[in-house]
Chemist: 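Have a look at this one.
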Protein chains: 2
Amino acid sequence: MSFQSKNEIARALREHRIQPTSQRVEIAHVLFERGMEAGADHHMSADEVLERVNADYHRVSKATVYNTLRLFEETGLIRAVVVSSSKVFFDANTEPHHHLYDESTGTLQDIPAEDIDTAQLFHKLPEGVSGNDLDIVVRVRGQATSAG
Amino acid sequence: MSFQSKNEIARALREHRIQPTSQRVEIAHVLFERGMEAGADHHMSADEVLERVNADYHRVSKATVYNTLRLFEETGLIRAVVVSSSKVFFDANTEPHHHLYDESTGTLQDIPAEDIDTAQLFHKLPEGVSGNDLDIVVRVRGQATSAG
DNA sequence: TTCTTTGCAAAAGATTTGCAAATAC
DNA sequence: GTATTTGCAAATCTTTTGCAAAGAA
């Protein structure tokens with residue numbers, strides 16, 4: 001998904017049965033204004049969203065940002081990517097894809113769905129689950145200071 | 001790793017350059033007493049560890065449990081598995097393997113390393129990173145209430 | 001008007017930290 | 001005897017919640 005105008009955003013929200021209030025539109029605008037192309041940085045924490053949405057003047061409160069992000073996630077408009085216990089990224093790209101998280105740099109990047117083969121995995125998935133229901137986070141560990 | 005006696009545990013801690021105090025040995029004992037076989041439930045939250053270590057009488061404080069788990073993780077004795085923003089599991093099995101997390105049930109299970117093929121992925125890893133430095137969490141999404 | 005949403009500040013839950021007392025080597 | 005570790009309670013950080021005011025249909 002990639003929206004430019006607030007109108008498009010409002011329409012998209014309605015399609016997800018979300019009443020497009022001005023706060024919600026502003027938040028969605030922040031989420032979707034960065035391109036969704038591979039390599040584009042469209043991963044934001046709640047705090048980043050809060051900061052960006054209020055960058056020039058106060059538009060939305062913290063509670064509303066959190067609640068709205070949760071609402072967007074629950075309705076499938078965006079996805080939450082959990083990379084560490086205190087780091088949740090929100091991803092406006094809901095096309096099937098996965099994530100690569102580099103612990104040492106804190107960087108999150110997309111992985112095309114086809115770059116990871118999970119064929120061997122399917123027999124242990126709950127029934128009815130398809131590949132598109134999988135969210136994979138590949139974490140690159142920093143050096144593990146393992147004793148030698 | 002799989003230890004039975006406190007002596008074995010103390011030795012293992014020393015090998016990781018961790019001074020084996022009684023609290024640390026008790027915590028390690030809790031972590032390692034469950035078998036490491038596939039299917040065995042050896043994933044515990046900090047709180048579970050705290051509960052189990054103090055099950056019959058008070059042995060270790062909460063702060064010490066948290067600090068010790070972090071210490072164990074930093075020295076590579078155990079691994080932390082992040083499955084959601086408020087759910088970190090500790091895994092006493094440090095052999096290369098991955099994890100499958102079922103959102104709807106909250107269940108975490110092991111995935112043998114060879115069940116996921118990441119060959120396509122290697123060109124986007126930082127240099128010097130090998131397959132053993134990857135921790136993969138496959139999250140099975142509940143139904144995403146996606147709008148139709 | 002009636003239902004929904006927002007905002008604030010307080011609450012909650014998980015983890016960490018400061019510092020004095022206890023323990024280890 | 002000196003350095004390390006523990007425990008408590010307070011602090012911190014992120015996210016959620018209660019409730020009155022503001023906004024939408």
Side-chain angles (χ1 to χ4, degrees), chain A residues 6-7 9-11 13-14 16-30 43-54 57-75 77-90 106 108, chain B residues 6-7 9-11 13-30 43-54 57-75 77-90 103 106 108:
Chain A
K6 308 269 164 112
N7 272 344
I9 291 175
R11 175 152 30 87
L13 293 184
R14 278 200 201 86
H16 285 259
R17 298 187 177 69
I18 298 171
Q19 201 178 102
T21 65
S22 78
Q23 288 88 340
R24 288 170 177 173
V25 171
E26 293 298 335
I27 291 170
H29 182 245
V30 164
H43 303 116
M44 272 177 271
S45 67
D47 229 53
E48 272 183 276
V49 173
L50 177 65
E51 230 170 71
R52 297 175 68 85
V53 90
N54 292 330
Y57 61 89
H58 181 87
R59 288 187 175 90
V60 190
S61 75
K62 178 181 276 207
T64 298
V65 166
Y66 275 97
N67 292 337
T68 300
L69 287 172
R70 189 152 55 88
L71 174 70
F72 284 3
E73 200 220 329
E74 282 168 356
T75 51
L77 188 65
I78 63 177
R79 265 203 228 167
V81 184
V82 180
V83 296
S84 78
S85 56
S86 55
K87 212 166 247 167
V88 179
F89 285 101
F90 292 93
L108 187 67
Chain B
K6 309 265 163 113
N7 271 343
I9 290 175
R11 175 154 26 89
L13 292 185
R14 278 199 199 87
E15 276 167 16
H16 285 259
R17 297 187 177 69
I18 298 170
Q19 201 178 104
T21 65
S22 78
Q23 288 88 340
R24 287 169 178 173
V25 170
E26 293 298 336
I27 292 169
H29 182 246
V30 164
H43 303 116
M44 271 177 270
S45 68
D47 230 52
E48 273 183 277
V49 173
L50 177 65
E51 230 171 71
R52 295 175 68 84
V53 92
N54 291 331
Y57 60 91
H58 185 280
R59 286 188 177 89
V60 190
S61 75
K62 178 181 274 209
T64 297
V65 166
Y66 275 97
N67 292 338
T68 300
L69 287 172
R70 187 152 56 87
L71 175 69
F72 284 3
E73 200 220 329
E74 283 168 355
T75 51
L77 188 65
I78 62 176
R79 265 202 228 167
V81 184
V82 180
V83 297
S84 80
S85 55
S86 54
K87 212 167 247 164
V88 179
F89 285 103
F90 292 93
E103 279 189 351
L108 187 68

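Sequence lines set the chain letters: A, B, ... in the order given, protein chains first and strands last, and positions in each chain run from 1.
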Chemist: Polar-atom pairs under 3.5 Å, protein N or O versus N or O of nucleotides 3-5 of chain C: list them with distances, or write none.
Modeler:
| residue | atom | partner | partner atom | Å |
| --- | --- | --- | --- | --- |
| C:dT5 | OP1 | A:Arg24 | NH1 | 3.0 |
| C:dT5 | OP1 | A:Arg24 | NH2 | 3.4 |

Chemist: Mind checking what makes salt bridge (charged side-chain N to carboxylate O under 4.0 Å, His left out) contact with A:Arg24, not counting sequence neighbours?
Modeler: none
Chemist: Can you name the closest pair of heavy atoms from B:Phe90 and B:Ala80 and give their distance?
Modeler: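 Closest pair (atom of B:Phe90, atom of B:Ala80, distance): CE2-CB, 4.1 Å.
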Chemist: Judged by atom type as modelled, is there a donor-acceptor pair below 3.5 Å linking the side chain of A:His16 to the main-chain atoms of A:Thr75?
Modeler: yes
Chemist: Sequence neighbours excluded, which residues qualify as side-chain contact (heavy atoms from CB on, under 4.5 Å) partners of A:Ser84?
Modeler: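 Partners of A:Ser84 under the side-chain contact (heavy atoms from CB on, under 4.5 Å) test: A:Ser86, A:Lys87.
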Chemist: Between D:dT15 atom P and A:Glu74 atom CD, what is the distance in whole Å?
Modeler: 14 Å
Chemist: I want to check something: taking the side chain as every heavy atom from C-beta on, are B:Leu77 and B:Leu13 in contact at a cut-off of under 4.5 Å?
Modeler: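 In short, these two side chains touch, coming nearer than 4.5 Å.
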Chemist: To the nearest 0.5 angstrom, please state how far the CZ atom of A:Arg11 sits from the NZ atom of A:Lys6.
Modeler: 15.5 Å
Chemist: List the residues meeting side-chain contact (heavy atoms from CB on, under 4.5 Å) with A:Ser45, not counting sequence neighbours, and say none if there are none.
Modeler: A:Asp47, A:Glu48
Chemist: Kindly calculate the angle separating the two end axes of the helix from C:dT1-D:dA25 to C:dC25-D:dG1, each obtained from five base pairs, and round it to 10 degrees.
Modeler: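 Both end axes considered, the difference amounts to 30°.
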Chemist: First locate atom CD of A:Glu26, then atom CZ of A:Arg52, and finally report the distance between them rounded to the nearest 0.5 Å.
Modeler: 12.5 Å
Chemist: I need a per-nucleotide contact map over nucleotides 11-21 of chain C, read 5' to 3'. Cutoff is protein heavy atoms under 4.0 Å; write B for the base, S for backbone only, - otherwise.
Modeler: ---SBBB----
Chemist: The criterion is side-chain contact (heavy atoms from CB on, under 4.5 Å); which residues satisfy it with B:Asn54, sequence neighbours excluded?
Modeler: B:Leu50, B:His58, B:Arg59, B:Val60
Chemist: Extract all donor-acceptor atom pairs below 3.5 Å that involve side chains of residues 64-72 of chain A and protein atoms in other chains or at least two apart in sequence.
Modeler:
| residue | atom | partner | partner atom | Å |
| --- | --- | --- | --- | --- |
| A:Thr64 | OG1 | A:Ser61 | OG | 3.1 |
| A:Asn67 | ND2 | A:Ala63 | O | 3.2 |
| A:Thr68 | OG1 | A:Thr64 | O | 2.6 |

